[in-house]
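Note: hydrogens, waters and symmetry copies are ignored here, and every other heavy atom, side chains too, is used. Numbering starts at 1 and runs along the sequence shown.
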Amino acid sequence: MTTAHTGAGPDTSAALHADAVRALAAWAAEGPDQRQLRQDYLDHLAAHPDGLWRDCLPAHITASAVVVDPAARRVLLTLHPKVGRWLQMGGHCEPGDPDLASAALREATEESGIPDLELLAPDGGPAPVKLDRHQVRCSGKDRPENTHLDVQYVALAPAGATALISEESLDLRWFGYDELPELTDSSVRELVAIARRLTG
């Protein structure tokens with residue numbers, strides 16, 4: 001969900017900022033590209049106390065989660081109205097989010113319509129599985145593109161879960177792991193591959 005706001009109160013903003021720094025610093029990134037992205041995200045947060053809010057330009061942290069049903073070996077993707085591609089669920093942080101993981105879970109729940117999602121927690125607590133930096137116009141046609149510094153999680157759906165499309169999607173569908181649609185990019189395919197490996 002991408003609700004407009006001008007940031008959060010100082011307590012909320014500081015707590016979310018501190019959690020983002022903690023989550024990224026503790027995350028064991030795989031490979032030099034992901035390690036460099038993690039450092040870039042941490043540098044962004046060090047330079048911007050408001051670095052998680054959509055009003056922080058030209059870049060801000062976002063949170064997303066790919067929803068999978070491991071029992072059925074399938075993934076839920078949304079056809080994004082602005083991007084025109086099939087993507088995982090995700091978006092901007094909001095003032096009520098206590099941490100990045102909660103922001104990702106909220107977005108996944110809102111956009112999938114599945115109430116009982118759980119974030120994958122391999123080490124006892126939800127952790128990112130991938131970072132992705134991309135350009136997107138998130139504030140109207142007359143605004144320049146912003147850089148989204150996306151922190152990506154895996155959300156587990158109950159076996160046989162039924163999705164309910166929201167107003168933020170052009171379409172919402174389950175796809176078999178080996179049957180992803182053409183209108184996905186390499187980042188989504190990599191994220192699905194990671195989710196598939198981590199969930200067996």
Is the shortest side-chain heavy-atom distance between [X] and [Y] below 4.5 Å?
X: Ser187; Y: Lys130; value: yes
X: Arg196; Y: Asp178; value: yes
X: Leu156; Y: Pro70; value: yes
X: Pro158; Y: Ile114; value: yes
X: Trp86; Y: Leu180; value: no
X: Asp69; Y: Leu76; value: no
X: His44; Y: Cys56; value: yes
X: Ile61; Y: Val151; value: yes

Taking all heavy atoms of [X] and all of [Y], pick out the closest pair and write down the distance.
X: Leu52; Y: His60; result: C-CB, 4.4 Å
X: Gly84; Y: Leu183; result: O-CD1, 3.9 Å
X: Leu45; Y: Ala20; result: CD1-CB, 3.8 Å
X: Ala63; Y: Leu100; result: CB-O, 3.8 Å
X: Ala108; Y: Val67; result: CB-CG2, 4.0 Å
X: Val21; Y: Leu42; result: O-CD2, 3.8 Å

So, taking the atom named [atom1] in [X] and the one named [atom2] in [Y], what distance separates them when rounded to the nearest 0.5 Å?
X: Glu94; Y: Glu107; atom1: CD; atom2: CD; result: 6.5 Å
X: Leu172; Y: Glu111; atom1: CG; atom2: CD; result: 9.0 Å
X: Ile165; Y: Leu170; atom1: CD1; atom2: CG; result: 7.5 Å
X: Ile194; Y: Arg197; atom1: CD1; atom2: CZ; result: 6.0 Å
X: Gln152; Y: Leu191; atom1: CD; atom2: CG; result: 4.5 Å
X: Tyr153; Y: Leu119; atom1: OH; atom2: CG; result: 7.5 Å

Verdict with supporting geometry, Leu164 and Thr162, side-chain contact (heavy atoms from CB on, under 4.5 Å): CA-CA 7 Å; Leu164 180 64; Thr162 299; over 6 Å; no
> How far apart are the C-alpha atoms of Met89 and Ser169, what are their side-chain angles, what is the distance that settles it, and do they pass the side-chain contact (heavy atoms from CB on, under 4.5 Å) test?
Replying inline: CA-CA 10 Å; Met89 320 296 152; Ser169 301; 5.8 Å; no
Measure from the side-chain N and O atoms of [X] to the backbone N and O of [Y], and report whether any donor-acceptor pair falls under 3.5 Å.
X: Asn146; Y: Leu57; answer: no
X: Arg106; Y: Asp97; answer: no
X: Trp27; Y: Pro128; answer: yes
X: Gln34; Y: Leu131; answer: yes

* Establish, yes or no, whether a centroid distance under 6.0 Å links the rings of His17 and His48. =>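 No, they do not, as the ring centres are separated by 6.0 Å or more.
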- request: Please step through side-chain contact (heavy atoms from CB on, under 4.5 Å) for the pair Asp55 and Asp50, ending with a clear verdict.
  value: CA-CA 8 Å; Asp55 295 327; Asp50 62 342; 5.8 Å; no
Tell me, yes or no, whether the heavy-atom count around Gln39 atom CD, taken from other residues, nucleotides or ligands under 6.0 Å, exceeds 12.
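Yes, CD of Gln39 has more than 12 neighbouring heavy atoms, counting only those of other groups under 6.0 Å.
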Open item on the list: Any donor-acceptor pair under 3.5 Å linking the side-chain atoms of His148 with those of Asp150?
Closed with: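 Short answer, no.
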* Asked: Do Asp40 and Arg133 meet the salt-bridge criterion of a basic N to acidic O distance under 4.0 Å?
  ->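 Asp40 and Arg133: salt-bridged.
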